[in-house]
Amino acid sequence: MSKLNYKHLHYFWMVAKTGSISRASEQLHLTPQTISGQLSLFEEIQGEALFRKSGRNLELTEAGQLVLSYADDIFALGQELEEVLHHRPTARTVQLRVGVSDALPKTLAYRLLEPALKLEQTLRINCREGKLEVLLADLATHKLDVVMSDSPMPASANVRGYSHQLGECGISFFATGTLLQQYPQAFPANLDAAPFLLPGEDAALRARLLQWFDQQGLHPRIAGEFDDSALMSAFGQAGAGIFAAPTVVADMIMRQYDLQLLGQTDEIREQFYAISVQRKLTHPAVLAISRAARIDLFAMGEE
DNA sequence: TCTGGTACCTTCGGTAACTG
DNA sequence: CAGTTACCGAAGGTACCAGA
């Protein structure tokens with residue numbers, strides 16, 4: 001049985017961090033051929049190529065990305081041990097690398113992540129926003145621990161992942177006071193012919209809204225389409241149109257953007273998911289998010 | 001397009017320290 | 001003391017880039 005050589009792992013880690021053998025050799029005060037040789041040996045023992053050549057430099061393979069994610073934790077822990085041994089007490093820090101789909105309202109993203117901030121352990125959140133497909137690619141290469149999205153893992157995605165539903169709620173519609181006065185009819189008739197800000201094609205909410213408009217015989221005037229929910233809210237705040245968001249964050253949106261509520265419906269349901277590469281959620285912060293989100297939404301009578 | 005310079009990685013052969 | 005491991009110097013291969 002092969003044993004992990006931590007010296008090899010350290011050389012690998014330094015090469016991965018610096019992006020080249022020559023730069024790593026400067027950091028480690030060794031010659032490049034030593035690093036190269038030890039790295040080859042490490043790859044041979046592990047039975048996996050960890051780097052591939054990219055021009056003059058090296059880039060990590062998928063296996064390399066996986067090893068790096070573990071090496072980061074191992075050497076962070078080592079550094080922490082040194083600090084403890086040198087009588088510098090330090091709180092144990094848990095790192096959470098989370099990707100937030102840009103279709104997910106930012107206020108909701110915060111609301112979902114909030115339970116993780118209340119963990120007893122010190123948490124460092126590394127939060128990234130982007131298109132779901134890009135975030136899922138990063139999840140597959142272990143650059144992210146979890147992806148928060150308004151839709152489950154797409155069947156077409158070329159990534160192995162598991163969708164964990166955190167909850168669901170109805171939809172609320174918001175507008176500025178000035179815009180609201182121009183459409184005084186009762187909800188939802190006041191949406192008819194009103195300027196409307198529609199979520200982009202990546203958002204799960206978009207299709208549900210369009211279908212609901214059709215069922216209700218409503219014909220809002222589409223004033224804009226937005227992939228980014230924060231951008232859509234900003235346009236809504238400026239009076240460019242009415243927009244929809246999950247009811248669970250209605251209060252936060254009205255406070256944050258100084259908007260008024262047109263109406264609410266439970267006929268459209270917005271769902272929230274945590275997507276991970278593991279069937280079971282194991283990261284302590286993600287577990288906290290998962291548990292708290294379900295309880296919180298249930299308590300509000302929304303699930 | 002060719003050529004020379006530069007940067008980077010790998011292989012080979014050898015040495016020194018460590019281990020059982 | 002033989003085998004193993006880690007290391008280094010020299011040399012060679014590959015990729016990139018600038019200038020003719």
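Convention: sequence-line order gives letters A, B, ...; per-chain numbering from 1. Everything quoted here is computed from the prediction, not taken from an experiment.
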Check: A:Phe226 ring centre within less than 6.0 Å of A:Phe243 ring centre: no

Sorted by chain and number, sequence neighbours left out, salt bridge (charged side-chain N to carboxylate O under 4.0 Å, His left out) with A:Asp72 holds for A:Lys17

Rounded to whole Å, how long is the line connecting atom CD1 of A:Ile21 with atom C1' of B:dT10? 8 Å

When A:Pro199 is tested against each of A:Leu205, A:Asp228, A:Asp150, A:Leu210 for side chain to side chain contact (heavy atoms under 4.5 Å, CB included), which residue passes? A:Leu205

Is the backbone N or O of A:Phe12 less than 3.5 Å from a side-chain atom of A:Gln38, with the two atoms forming a donor-acceptor pair by type? no

Test ring pair (Phe, Tyr, Trp, His ring centres under 6.0 Å) applied to A:Tyr273 - qualifying residues, sequence neighbours left out: none

So, A:Thr265 side chain and A:Ile171 main chain: donor-acceptor pair closer than 3.5 Å or not? no

Can a donor-acceptor pair be found between the side chains of A:Thr31 and A:Ser25 at a distance below 3.5 Å? no

Please tell me whether A:Phe173 and A:Trp212 form a close aromatic pair, meaning their ring centres lie under 6.0 Å apart. yes

Taking only N/O atoms, report every protein-nucleotides 13-19 of chain B pair under 3.5 Å with atom names and distance.
none

Rounded to whole Å, the CD-P distance (A:Glu43 to B:dC9) equals 13 Å

Flag for A:Glu267-A:Gln216: side-chain donor and acceptor within less than 3.5 Å: yes

Strictly under 4.0 angstrom, non-hydrogen atoms only: write out the protein contact profile of nucleotides 3-9 of chain C, one letter per nucleotide from the 5' end, B, S or -. ---SSBB

Mind grabbing the angle between the end helix axes of the helix from B:dT1-C:dA20 to B:dG20-C:dC1? Five pairs an end, 10° rounding. 10°

Solution key, residues 130-138 of chain A side-chain donor-acceptor pairs under 3.5 Å, sequence neighbours excluded:
residue, atom, partner, partner atom, Å
A:Lys131, NZ, A:Asp202, OD2, 2.8
A:Lys131, NZ, A:Asp227, OD2, 3.4
A:Asp138, OD2, A:Arg128, NH1, 2.6
A:Asp138, OD2, A:Arg128, NH2, 2.8

